[in-house]
Peer 1: 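The structure is given below, and queries will be raised subsequently.
Order of the sequence lines sets the chain letters (A, B, ...), proteins ahead of strands, with each chain counted from 1. Quick caveat, the model's predicted, so the values are computed rather than measured.
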Amino acid sequence: MTEAATPTNFIRQIIDEDLRSGKNDGRVVTRFPPEPNGYLHIGHAKAICLNFGIAEDYGGHCNLRFDDTNPVKESMEYVQSIKEDIRWLGYDWGEHLRHASDYFEQLYAWAVDLTRAGKAYVDSLSADEIREYRGTLTEPGRESPYRNRSVEENLDLFARMRAGEFADGSHVLRAKIDMAAPNMNMRDPVMYRILHASHQMTGDAWCIYPMYDFTQGQSDAIEHVTHSLCSLEFEDHRPLYDWFLDNLDVPSRPRQIEFSRLNLSYTVMSKRRLKQLVDDGHVNGWDDPRMPTLVGMRRRGFPPAAIRDMCERVGITKKDNVIDVALLENCVREELDAKAARVMGVLRPLRMVIVNYPQGQEEALEAANHPQNPEMGTRSLPFSRELYIERDDFMEDPPKKFFRLAPGREVRLRYAYFVTCVDVVKDADGEVVEVHCTYDPETRGGGAPDGRKVKGTIHWVSAPHAIRAEVRLYDRLFNVPSPDAQDFVAHINPHSLETLDAAHIEPSVVDAAPGTPFQFERLGYFCVDSADSRAGTPVLNRTVTLRDSWAKIGKGA
RNA sequence: UGGGGCGUAGCCAAGUGGUUAAGGCACGGGACUUUGACUCCCGCAUCCCAGGUUCGAAUCCUGGCGCCCCAGCCA
C-alpha cells in the first residue's frame, strides 16, 4: 500500500528551495492566526490543513496564535470554539499555543524604538480627517500637520496614550513612511489606537492596542515562524510587513506568502453574511447543519477526514476559485462509504402486509453491517407479517424502467424474502395506503434457490419492531451557485430543510452516539443529532444522500 | 485613470522551452450488483487574444483583453 503523496504546490516548492539553500537552518515553522471574533468555517479549514499539514510533513511545528488585538470584537467563547474545531479537524498544536497579546509589551517597546528613530509619530487628527488626508487610489495623500512633531513630544504623547490620559480616538501612533505611496498601506499606517476596553487575556493592563499590520510580522518574528501563510488580500500589506521587520531589531526574519482562500459554490462564507443568516433566523444558529461552519458540519455528520481530503484535493494557488460543493459531497460520501455501518430505515412509510405470512409469527434474519467489509460483522433483523416500505418504492402505474414494487411485480426485500404485490388498499381520495403481498418462503435471506432474478431490491422495516423518529433532510442552503454575487438572502433555498416526523427505523440506530455515522441503505448517510435528539424521540440528520442515478433519469413518467 | 495579483476543460489543478497537455470533481456511455449505492472500464482541452523569438512555446518577449484586491483608529 503506497500512501498517496500530498500533492505539491507553489508554497511547498518555495519551502523546498529554502531547505535546499539552507535558509532558516532547515527549520519550518508555520502558524494559524485566527482572530477570536467568530466561528471557524470550511474556508478556515483550508488554512488550517495547509499550515498544520506543512508543519507535519516538514518535521516542523505550527503555532496556534490567537490574533487578539481588538478587544472590542473578541471574546473567550470564540477562543474555546476555535480550539475545539481545530482539534476536531484532527490537528494538535501541542505546546505551541500563543496569543498576539503575549507580545504587547515587546510590541510597545518596538513602537517606542521606531518613534525614537523618527520613524513613527503621534497623530492627533480625527479618524475622519485621517481618511481625508489619506488621499484616494489615484491621488496622493497629504501629510498630517502633526507629522513633524519632535521625537521628544512623540515619546511623551505615546507614553501618555499608554497611561490612559486620552480618550478613545483622540490620538494614534502612525508609522512615518510615505503619504504619496501608490500602495495605500504605506501612507503612514496607524500602528496603535486608543481603546479603553478590557481584553480577554490582558484585562485592563492596556488602553492602547496595536493594529494588525504592526502585530503580525513581529509576532511571526518572535515565534521564529519561517513561512507566514495568509490569504491574497494581504498581498498589498507585504511591503509594510517587510518594512516593520526591516526597521526593527527582530529576532528572526519570516517570509509572508499569500494564497487564495476557499470559496464553495451554493454557499456564503463571509462572516457578515453568516452572521446575518443566524441573526435573521434563516438558520437555527451557528451550528445549524446547513451552515458552512465547522460546528455546523460536525453536527451535520461530515467526517473531519472528508474535510481534510477536500482541502488536499483543491490545491493551493493564487487564483480566485469557487470549489464545486459536489466535490465536498463526494469526499464525504467516499469517507462514509468506507466507514459507516449499514442499517435500514423508512423515511416515508407505506404499510405492507404479507398476506400469506402467518399472523403473529416473527423471525430474525441476518444482515451484513457492511457488505464490502465483512469485519464489521452482522446483526439480526426482526421480520414479521406487517412491514413498512418506502412510499417511493411502490407505484401503481410504473413507467418503463421502474423496477421496484408495482401490482403483479416481484421484488426482493433486502436480506429477507421475495414478495409479489397482489393487491392495494386505497383511502377515500384514491391514495394507496397499504399494499398486500405474498412472499416466497423459499427465498429466505434474499436468494432464490431456483435461480430466478428480480430487478429490484427494496428496504423495509418490521412495523411492530420499528422505532419512530424525526428525520431532518438537509439540502444546499442556496439555490444559486454564487449567492455572494447577488442579494444573497433572496436566493436562500426554501427547501434546505425538510422535517419528516414519521420515519421508522431499525431499533439499533437509536443507541448510536450523536454524530456516529451510519447509512440507511439506498437513502443516504445519517447521524443522531447532537442537540435535539432525546431518548424517546430520536432526531436524525441526513448528512448527504447516496448518489442516485434513478433520480437523474427523472422520477415517474 | 494609481498600486498589487490572477487568467490551462463546466469546477479545481499539474505542467517551470521538446510529454499523445497529469490527476480529481462534474458530466455522458458501458460492465457488475441482494443498496438504481460501491467498484470497474470508456469518453471528455491545443492552454484569454494578437504578434514575435525559436528547429520547437501552455512555458520566453511585446502589446492587448478580462477578472479579483486596496482609500477601517477591522483582521
Peer 1: May I ask you to verify if any side-chain N or O of Ser265(A) is less than 4.0 angstrom from the OP1 or OP2 atom of rC11(B)?
Peer 2: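 Result: no.
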Peer 1: Remember a base hit wins even if backbone is also touched, and classify Arg412(A) as base, sugar-phosphate or nothing at under 4.0 Å, heavy atoms.
Peer 2: base
Peer 1: Who does rC60(B) pair with, Watson-Crick or G-U, both distances under 3.5 Å?
Peer 2: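 Because both required distances fall under 3.5 Å, rC60(B) counts as paired with rG52(B).
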Peer 1: Is Gly141(A) touching bases, backbone alone, or none of the nucleic acid, heavy atoms closer than 4.0 Å?
Peer 2: nothing
Peer 1: As a test of the definition: with a 90° window around 0 for syn, would you call rG17(B) syn or anti?
Peer 2: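 Judged by the O4'-C1' to base torsion, rG17(B) sits in anti, the angle falling more than 90° away from 0.
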Peer 1: Which residues pass the salt bridge (charged side-chain N to carboxylate O under 4.0 Å, His left out) test with Arg542(A), not counting sequence neighbours?
Peer 2: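 If we apply the salt bridge (charged side-chain N to carboxylate O under 4.0 Å, His left out) test to Arg542(A), skipping adjacent residues, there are no hits.
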Peer 1: For rG66(B), which nucleotide in any strand shown is its Watson-Crick or wobble partner with both distances under 3.5 Å?
Peer 2: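 Paired with rC6(B).
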Peer 1: According to side-chain hydrogen bond (donor to acceptor under 3.5 Å, both in side chains), who are the partners of Arg20(A), at least two apart in sequence or on a separate chain?
Peer 2: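 Applying side-chain hydrogen bond (donor to acceptor under 3.5 Å, both in side chains) to Arg20(A) gives none.
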Peer 1: From the set rG36(B), rG24(B), rC38(B), return the single nucleotide nearest to any side-chain atom of Arg313(A).
Peer 2: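 Nearest nucleotide to the side chain: rG24(B).
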Peer 1: Asp324(A) has an atom CG; how far is it from atom C1' of rA13(B), in whole Å?
Peer 2: 14 Å
Peer 1: For nucleotides 46-49 of chain B, which of its nitrogen or oxygen atoms have a protein nitrogen or oxygen under 3.5 Å away, and what is each distance?
Peer 2:
none

Peer 1: For Gln519(A), which contact category applies under a 4.0 Å heavy-atom criterion: base, sugar-phosphate, or nothing?
Peer 2: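 Base contact - Gln519(A) has a heavy atom under 4.0 Å of at least one base atom.
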Peer 1: Ignoring hydrogens and angles, does a donor from either the side chain of Arg238(A) or the base of rG4(B) sit under 3.5 Å from an acceptor on the other?
Peer 2: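 Check fails, no donor-acceptor contact within cut-off.
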Peer 1: rC44(B) pairs with which nucleotide, Watson-Crick or G-U wobble, both distances below 3.5 Å?
Peer 2: none
Peer 1: For Phe10(A), report the nucleic acid contact type (base, sugar-phosphate, nothing); a contact means any heavy atom under 4.0 Å.
Peer 2: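 The residue Phe10(A) makes no contact with any strand.
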Peer 1: Between the side-chain atoms of Gln13(A) and the base atoms of rU16(B), is any donor-acceptor pair under 3.5 Å?
Peer 2: yes
Peer 1: Under the side-chain contact (heavy atoms from CB on, under 4.5 Å) rule, collect the residues that match up with Phe166(A), sequence neighbours excluded.
Peer 2: Leu157(A), Arg160(A), Met161(A), Ser170(A), His171(A), Ile194(A)
Peer 1: Using a cut-off of 4.0 Å on non-hydrogen atoms, how would the nucleic acid contact of Thr317(A) be classed: base, sugar-phosphate, or nothing?
Peer 2: sugar-phosphate
Peer 1: Look at all strands and tell whether Glu235(A) reaches a base, only sugar-phosphate, or nothing, counting heavy atoms closer than 4.0 Å.
Peer 2: sugar-phosphate
Peer 1: Send over the distance from Ile257(A) CD1 to rG5(B) C1', rounded to a whole Å.
Peer 2: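 Whole-Å distance recorded here is 15 Å.
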Peer 1: Which comes earlier along RNA chain B counting from the 5' end, the contact point of Tyr525(A) or that of Ile316(A), where each point is its nearest nucleotide?
Peer 2: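 Looking at the nearest nucleotide for each, Ile316(A) comes out on the 5' side.
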Peer 1: Do the numbers put Arg142(A) on top of the ring of Tyr133(A), so that NZ or CZ is under 6.0 Å from the six-membered ring centre and no more than 45° off the axis?
Peer 2: yes
Peer 1: Can you give the donor-acceptor pairs under 3.5 Å from side chains of residues 69-76 of chain A to other protein atoms, not counting sequence neighbours?
Peer 2:
from     : atom 1 : to       : atom 2 : distance (Å)
Asn70(A) : OD1    : Val72(A) : N      : 3.4
Glu74(A) : OE1    : Asn70(A) : N      : 3.4
Glu74(A) : OE2    : Asn70(A) : N      : 3.1

Peer 1: Between Arg522(A) and rG36(B), does any side-chain N or O lie under 4.0 Å from OP1 or OP2?
Peer 2: yes
Peer 1: Which residues pass the salt bridge (charged side-chain N to carboxylate O under 4.0 Å, His left out) test with Glu132(A), not counting sequence neighbours?
Peer 2: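 With neighbours one apart ignored, the set is empty.
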Peer 1: Using a 6.0 Å distance limit plus a 45 degree cone around the ring axis, check whether Arg414(A) lies over the aromatic ring of Trp460(A).
Peer 2: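 Arg414(A) over Trp460(A) ring: no.
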Peer 1: Hunt down the Watson-Crick or G-U wobble partner of rC38(B), both distances under 3.5 Å, from any strand shown, or write none.
Peer 2: none
Peer 1: Does Phe518(A) have any ring-ring contact (aromatic ring centres under 6.0 Å, His included) partners at least two apart in sequence or in another chain, and if so, which?
Peer 2: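 Checked Phe518(A) against ring-ring contact (aromatic ring centres under 6.0 Å, His included); matches are Phe520(A).
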Peer 1: Within the 4.5 Å heavy-atom criterion, are Phe383(A) and Tyr415(A) side-chain neighbours or not?
Peer 2: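 A side-chain contact is absent here, since even the closest heavy-atom pair is not under 4.5 Å.
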Peer 1: What residues from residues 331-347 of chain A pass a heavy-atom cutoff of under 4.0 Å to RNA chain B?
Peer 2: Asp337(A), Arg342(A)
Peer 1: Using a cut-off of less than 4.0 Å, is there contact between a side-chain N or O of Lys318(A) and OP1 or OP2 of rG4(B)?
Peer 2: no
Peer 1: With C1' as the reference atom in both, quote the distance from rG56(B) to rC40(B) in angstrom, rounded to an integer.
Peer 2: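 Straight-line distance between the two C1' atoms is 40 Å.
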Peer 1: Tell me, please, which residues at least two apart from Arg255(A) pass salt bridge (charged side-chain N to carboxylate O under 4.0 Å, His left out).
Peer 2: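 Partners of Arg255(A) by the salt bridge (charged side-chain N to carboxylate O under 4.0 Å, His left out) criterion come out as none, since no residue qualifies.
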Peer 1: According to salt bridge (charged side-chain N to carboxylate O under 4.0 Å, His left out), who are the partners of Glu258(A), at least two apart in sequence or on a separate chain?
Peer 2: Arg238(A), Lys318(A)
Peer 1: Enumerate the residue pairs fulfilling salt bridge (charged side-chain N to carboxylate O under 4.0 Å, His left out) with a member in residues 179-196 of chain A, sequence neighbours excluded, ordered by first and then second residue.
Peer 2: Arg147(A)-Asp188(A)
Peer 1: Output one letter per nucleotide in nucleotides 65-75 of chain B: B when a protein non-hydrogen atom lies under 4.0 Å from the base, S when only the sugar-phosphate is that close, - when neither is.
Peer 2: ---SBBBSBSB
Peer 1: Salt-bridged, Asp392(A) to Arg404(A), with N to O below 4.0 Å?
Peer 2: no
Peer 1: Side chain of Arg414(A), heavy atoms from C-beta onward: which of rA37(B), rC11(B), rU35(B) has the nearest atom to it?
Peer 2: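 From the listed options, rU35(B) comes nearest.
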